Amino acid sequence: MRLSALALSTTKETPADAEIVSHQLMLRAGMIRRLGAGLYTWAPLGMRVLRRVEAIIREEMDNIGALEVLMPAIQPAELWRESGRWEAMGPLMLRMTDRGEREYCFGPTHEEVITDFVRRDFRSYKQLPVNFYQIQTKFRDEIRPRFGLMRAREFIMKDAYSFHIDEADLNREYHKVRSAYVRILDRIGLDYRVVAADSGDIGGARSEEFHVLAGSGEDALAVSTSGHYAANVEAAGTIAPTGKRAAPGGELKKIATPGVATIAGLCEFLSVDATQTAKSIVVMGDDGLPVLLVLRGDHKLNEIKAENLDGIAAPLTMADEATIREHFGAGPGSLGPVNVNIPVIADHALTHASDLVVGANYDGSHFTHFNWGRDHPEPRFADLRDVVAGDASPDGQGTLEILRGIEVGHVFQLGDKYSASMNLTVLDESGANVTPQMGCYGFGVSRVVAAAIEQAHDDAGICWPEAIAPFDLVIIPIKADKSERVRAACEQLYAEARTAGIDAAYDDRGLRPGPMFADAELIGIPHRIVVSERGLDAGKLEYKGRRDSESRQVENSLAAIAEAMGRPEGQ
RNA sequence: CGGGGCAUAGCGCAGCUUGGUAGCGCGUCUGCUUUGGGAGCAGAAGGUCGCAGGUUCGAAUCCUGCUGCCCCGACCA
């Protein structure tokens with residue numbers, strides 16, 4: 001491609017409203033432009049990257065025998081009413097009506113449509129298994145779109161749905177897709193982790209997420225030093241401690257702690273470690289009455305674990321201050337388990353704790369030397385907290401470290417949630433009706449582009465992994481308008497490169513060298529060739545890899561360039 | 001949806017407190033010079049100051065309402 005024909009529009013200055021580096025660089029490089037909140041146009045440069053990602057995904061999905069389809073983005077409401085999600089999806093779903101007042105949504109996902117598609121044509125177990133996928137635009141009316149393409153409202157997703165006669169076959173396909181995702185991310189060239197996940201609203205049994213590691217990632221991942229365990233922190237379990245509880249070291253004592261309403265403040269005021277304190281959180285039970293959750297002061301409540309407990313309302317609802325005052329006689333910041341008459345559930349990290357500092361249920365007061373059994377009946381202990389770095393791995397091997405990740409893929413075993421609610425059945429070998437098992441597999445196509453930049457950039461711009469770079473090579477002429485030789489050499493290289501299957505960009509825009517170098521680095525082309533009179537006199541070209549600190553001279557031939565690029569003949 | 005902030009030329013910003021000629025940098029266009037790391041000189045174009053009301057002789061500036069966007073919290077590929 002001649003860069004003069006690409007409608008390239010780069011900027012030196014960073015747009016003010018772009019927060020994270022991938023968003024900034026995509027805007028500066030002219031890959032995308034914003035239309036509205038969470039809505040972006042892909043410019044020609046961005047499309048080149050997008051198409052290469054899509055090509056890799058298609059190849060790997062095709063390789064496992066998945067079949068590409070394309071479903072409508074606009075979906076009728078009746079379908080969603082059948083599965084029960086017209087109400088359940090809530091405001092996340094963009095809804096609309098046509099001129100006849102018929103209701104539709106812009107699809108946030110396609111379980112209903114694909115299930116409908118299959119139930120119309122599939123009658124026999126002989127037609128299974130099958131796995132359909134599409135690469136398509138989704139719309140989710142996110143509460144807060146942010147970070148450019150990372151959390152856009154309209155985005156491009158590869159979604160796949162498989163159908164099986166039984167769970168064993170679903171499990172087999174699940175692992176096939178999982179391995180395809182591994183190959184996709186290996187080929188793109190990103191550092192990622194596959195982690196166990198909470199299944200969330202989509203429902204179903206088993207699910208794992210694929211996270212590209214990046215400090216800016218929105219998810220926390222718990223990964224075992226042994227390499228055997230990895231889970232989203234949301235879904236990572238903690239192990240009940242072993243050992244014995246120490247005997248009380250003193251009498252329960254009420255002390256004045258005026259103005260202290262946080263654990264940090266309490267620790268400073270009393271000069272105690274947060275591990276010797278307990279925090280009290282009041283949530284609503286499923287009977288509409290409050291339940292007291294008690295955690296060690298330095299631990300954080302895991303809301304998913306809490307709402308999954310018997311007796312706790314889901315979704316998890318914090319008690320409001322009026323309810324708290326009614327049952328405790330004090331406000332948040334001074335609460336504790338002493339003399340309360342509502343259910344108490346304590347995190348099992350506190351099972352063997354003794355002599356804790358807890359709120360006194362009296363504003364501005366705390367108790368010291370709180371002990372279970374003596375100062376409050378033994379509570380119900382449960383896993384309530386987020387894991388933290390250094391915790392023992394739940395599989396008993398090694399300890400956990402916490403990494404940040406960007407979720408780019410998610411594989412689920414759905415079971416019969418949709419096939420059952422939407423009456424999809426096929427006949428099995430014995431002629432009996434069977435409800436097929438389903439799997440679903442999402443991959444964020446536009447998001448992985450942003451994630452790649454988060455992981456691969458420097459001060460000058462993007463450093464694309466070669467597999468998804470917009471171009472393989474950029475050819476930069478020096479003083480092209482003065483030198484027929486330079487122009488001719490560039491044209492020849494450009495033509496030869498294309499013939500050899502190297503996707504080359506020829507910077508024929510007639511700019512001075514500085515801006516050409518800066519643009520090539522900003523848009524992240526992995527390999528650069530500079531053609532100059534000086535070099536041609538010596539029969540040389542100058543080669544520089546995007547991540548190289550220095551350039552080097554190579555022979556003036558495509559073979560030498562291919563060699564420098566790490567692509568020997570025939571590649 | 002709750003809390004905070006912003007809205008002035010394509011982009012980044014100043015001007016607003018104390019009302020009176022709309023400005024700077026980058027970019028864009030023209031000409032000349034320049035050409036190995038975002039050039040120099042000269043000239044030019046480009047703004048109903050987010051929208052609607054109000055106060056005033058006069059509003060970018062003060063007041064009211066609205067809209068859009070960004071940031072911090074609960075969702076997800």
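In the text below, chain A, chain B and the rest are named by the order of the sequence lines, each starting its count at 1. From a predicted model like this one, the values you see are computed outputs, not experimental measurements.
For A22(B) and A60(B), the C1' atoms lie 8 Å apart once the distance is rounded to whole Å. Straight-line distance between the C1' atoms of G46(B) and A9(B): roughly 6 Å, to the nearest whole Å. Nucleotides G47(B) and U21(B) are separated by 15 Å at their C1' atoms, to the nearest Å. Remark: the separation of the P atoms in G27(B) and G68(B) is 34 Å, to the nearest Å. Across the C1' atoms, G25(B) and G15(B) are found 15 Å apart, a figure rounded to whole Å. For the P atom pair drawn from C41(B) and G5(B), the interatomic distance equals 42 Å after rounding to whole Å. Between the C1' atoms of A44(B) and G50(B), the separation comes to 28 Å (whole Å). Rounded to the nearest Å, the gap between the P atom of A7(B) and that of C62(B) is 11 Å.
The two atoms that bring L384(A) and L309(A) nearest to each other are CD2-CD1, 3.5 Å, heavy atoms only.
One cannot find a donor-acceptor pair under 3.5 Å joining the base of C76(B) and the side-chain atoms of R153(A). Interface remark: the E13(A) side chain does not form any donor-acceptor pair with the G27(B) base, using a distance-only criterion of under 3.5 Å. With hydrogens and angles ignored, no donor-acceptor pair under 3.5 angstrom links the side chain of R146(A) to the base of C71(B).
A heavy-atom distance below 4.5 Å is found between the side chains of R151(A) and E218(A). Between V474(A) and D519(A) there is no side-chain heavy-atom pair separated by less than 4.5 Å. Using a 4.5 Å heavy-atom cutoff, the side chains of L221(A) and L213(A) are in contact. No side-chain heavy atom of E142(A) sits less than 4.5 Å from a side-chain heavy atom of F155(A). Between H211(A) and Y192(A) there is no side-chain heavy-atom pair separated by less than 4.5 Å.
Stacking here means ring centres nearer than 5.5 Å and ring planes tilted less than 30 degrees, and by that measure F517(A) does not stack onto G36(B).
Comparing G409(A) and R534(A), the nucleotide of RNA chain B nearest to each residue sits closer to the 5' end for R534(A).
For the pairing with D508(A), the side-chain contact (heavy atoms from CB on, under 4.5 Å) check across S4(A), P477(A), C490(A) returns one residue only, S4(A).
Listed by residue number, the members of residues 23-55 of chain A with any heavy atom below 4.0 angstrom from RNA chain B are R28(A), R34(A), A37(A).
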